[in-house]
Protein chains: 2
Amino acid sequence: MSQHDLRHRPDLRFNAILHRLSAFATLSVAELQFLRDLSRQTRQHDPRVELCQEGRVPVPRILLSGWACRQRMLGDGRRQIISFLLPGDPCSLLERPAVASHCAVVALTTVTVVEAKALETALTANSTVYPGLALAIRLQTIQDALLLQDQVVRLGRQTAYERMVHLLLELRSRLGIVQMVEGNMFPMPVTQEILADALGLSIVHVNRTLQQIRRDGMLEFRGGQVTILDLAMMEAVADWTPTSLGEQALRSGVG
Amino acid sequence: MSQHDLRHRPDLRFNAILHRLSAFATLSVAELQFLRDLSRQTRQHDPRVELCQEGRVPVPRILLSGWACRQRMLGDGRRQIISFLLPGDPCSLLERPAVASHCAVVALTTVTVVEAKALETALTANSTVYPGLALAIRLQTIQDALLLQDQVVRLGRQTAYERMVHLLLELRSRLGIVQMVEGNMFPMPVTQEILADALGLSIVHVNRTLQQIRRDGMLEFRGGQVTILDLAMMEAVADWTPTSLGEQALRSGVG
DNA sequence: CGGTCCATTGAGCTTAGTCAAAGAGCGTGG
DNA sequence: CCACGCTCTTTGACTAAGCTCAATGGACCG
């Protein structure tokens, strides 16, 4: 299968960062050029590689392609995925060492990352040089906090079925920003074990829940691709609100 | 009973803000005076009052006494408490409207709050006037993010028993910063329903879990006061790490 | 004294977890 | 080309954590 071709064409990979950041602020020509220069130096990592180790001083990066996650391990091996990092997402960029080092960032698929040290120094040294980038990164951080609140609600007060649907809606929404949703399809390159660790469920239960959702005609899930069949039903099931992602709130909060 | 006397003596109430902020940064005499002036104007609210409504433009405040929480409601009435706000905690201070308006802030007890608009303007206008306060507030925000990660791990991967112990350790640790832990006792002025909504459990199960913890000799819980009896056992049960609160990480991240 | 709010208890049920085994898909090497 | 091993998905049977419903008891208050 070649469903990943699109995501691995270099120009479109770069688009992930571009789309993500320009979704949050209007970027000047100079800023776009800066990002372009930045993304010349990419590095690849295999699945399971720790991009940031828990307790280590973090290196600022931006994810170009592939999926990663922030995660925490309990003493006996239980894992909780705090959040997913999708193409275009910065990772420990302009974060205090304290926050970044508090949980590990791990590649879930093969990932391409950009070293963003230059961006970080440019922004901390003089915040007026790239005002658009500064704003975009700040809003990105806010988005992050909102998603974390959603995660808490999911884990605390939603059933397995609702959790799964809600997470899929979140991923669809976020992938849409970086143009990775085509029609009602989007890539989903993770195993059911990973979904289990994100949703606080067992692998077996994730499997059965997904089957139920498919049987109810809400979506298809084959070959690493999700196809939404009944968006309205999914939104009703998951108690989804458009502001759940914070897009509208973000825009209104800027002006 | 008069176990709340201490917390209602004005000078000690003020100490909450003082303790909280000076735990994160060394404050100058001018900064201390600024806080003192700020806390002249206090306002009281009853339990269940919404300090910030979901979707409204938030007013920057600091909690002087009493407990509050950030919460989100689902369409059918289910409630999830995102985080507890304790004395000394700022509430939508220097937060983007987007984040603050995404969930409601509700008083859990009678609360005294300080309007912190003046602090916010002072910090945004010129960040060099009160460098200590600016740093303290920034670190406070970081602390918040770390606690949210802890909450995700609790809800996602810990049992009811572990969750409860872990939350109690978190509260003890946070109350310690504002000098509200005396020996191994601290105030716990919330109902079991509130604990349930914070921990993603039912009221009944919270009740049984607390009983089990008491029976196991880890703590006592009477008259709105918790007494820790076996801290080591609690830390072992909850997989507690000293950096869980981020205190150490915070300090190391500053220098 | 009745009312209200909260804690507690019991019984039965449901959701989700565990254990174990069987397919399915894929890459590799013979 | 096929067999093997690996990883991931799927299924069944059973278990257990936690929920719901319903009732009781205790404390406080007007």
Side-chain angles (χ1 to χ4, degrees), chain A residues 1-4 46-48 67 74 76-80 107-110 154-165 167 187-216 219-226 237, chain B residues 1-4 46-48 67 74 76-80 107-110 154-167 188-216 219-226 237:
Chain A
M1 310 303 279
S2 59
Q3 74 270 13
H4 292 163
D46 288 332
R48 289 160 181 260
W67 288 25
L74 292 182
D76 59 0
R78 279 175 287 181
R79 167 170 81 159
Q80 178 62 44
L108 296 172
T109 66
T110 300
R154 267 198 299 258
L155 294 173
R157 279 295 179 234
Q158 292 196 294
T159 65
Y161 192 90
E162 295 165 340
R163 270 180 234 184
M164 179 66 77
V165 172
L167 177 62
M188 187 78 190
V190 294
T191 65
Q192 297 185 355
E193 178 173 15
I194 289 167
L195 288 175
D197 285 340
L199 294 173
L201 300 169
S202 66
I203 304 180
V204 173
H205 201 60
V206 161
N207 185 283
R208 292 187 168 126
T209 303
L210 276 174
Q211 283 178 57
Q212 188 62 47
I213 295 172
R214 274 178 288 190
R215 243 178 283 133
D216 292 341
L219 52 77
E220 277 176 13
F221 187 3
R222 281 201 323 272
Q225 288 273 131
V226 172
V237 162
Chain B
M1 310 303 278
S2 60
Q3 74 271 10
H4 292 163
D46 288 332
R48 291 162 180 257
W67 289 24
L74 291 183
D76 59 359
R78 280 175 287 181
R79 167 169 83 158
Q80 177 62 46
L108 296 172
T109 67
T110 300
R154 267 198 300 258
L155 294 174
R157 280 292 180 236
Q158 290 197 296
T159 65
Y161 192 90
E162 293 166 341
R163 272 181 232 183
M164 180 66 77
V165 173
H166 196 279
L167 177 62
M188 187 80 189
V190 293
T191 65
Q192 296 184 355
E193 179 173 15
I194 289 167
L195 289 175
D197 285 338
L199 295 173
L201 300 170
S202 68
I203 304 179
V204 174
H205 201 59
V206 161
N207 184 285
R208 292 187 168 126
T209 304
L210 275 173
Q211 284 179 55
Q212 187 62 49
I213 295 172
R214 274 178 287 189
R215 242 177 286 132
D216 292 343
L219 52 78
E220 276 175 15
F221 186 3
R222 280 198 327 270
Q225 287 273 132
V226 172
V237 162

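Here is how names work: the chains are called A, B, and so on, in the same order as the sequence lines, proteins then strands, and each is numbered from 1.
Rounded to an integer number of Å, the gap from CZ of R78(A) to C1' of dT18(C) is 14 Å. In this structure, CD1 of I213(A) is placed 13 Å from P of dT10(D), rounded to the nearest angstrom. Note: CZ (R163(B)) to P (dA17(D)) measures 13 Å, nearest angstrom. For R157(B) and dG17(C), the CZ to P distance is 7 Å, given to the nearest whole Å. To the nearest angstrom, P of dA16(C) lies 14 Å from CG of L201(B). Summarising the geometry, the separation between CZ on R222(A) and P on dT10(D) is reported as 12 Å, rounded to the nearest angstrom. Taking atom CD on Q192(B) and atom P on dT9(C), their separation rounds to 10 Å, with Å as the unit. The distance from atom CZ of R208(A) to atom P of dT15(C) is 14 Å, rounded to the nearest whole Å.
Residue N207(A) places at least one side-chain N or O closer than 4.0 Å to OP1 or OP2 of dT10(D).
The neighbour count for R215(A) CZ, taken as heavy atoms of other residues, nucleotides or ligands under 6.0 Å away, is above 12.
A donor and an acceptor atom, one from each side chain of R208(A) and Q211(A), are nowhere located under 3.5 Å apart.
Of the candidate nucleotides dT10(D), dA16(C), dA7(C), dT10(D) has the atom lying nearest to any side-chain atom of R214(A). Comparing dC6(C), dT18(C), dT9(C) by their nearest atom to the side chain of Q211(B) picks out dT9(C). Checking dT9(C), dT18(C), dT11(D) against every side-chain atom of S202(A), the shortest atom distance belongs to dT18(C).
Here the side chain of R157(A) pairs a donor or acceptor atom with the backbone of L201(B) at under 3.5 angstrom.
A salt bridge links E162(B) with R78(A): the distance from a Lys NZ or Arg NE/NH1/NH2 to an Asp or Glu carboxylate oxygen falls below 4.0 Å.
Within 4.0 Å of T209(B), counting heavy atoms only, lies no atom of the nucleic acid at all.
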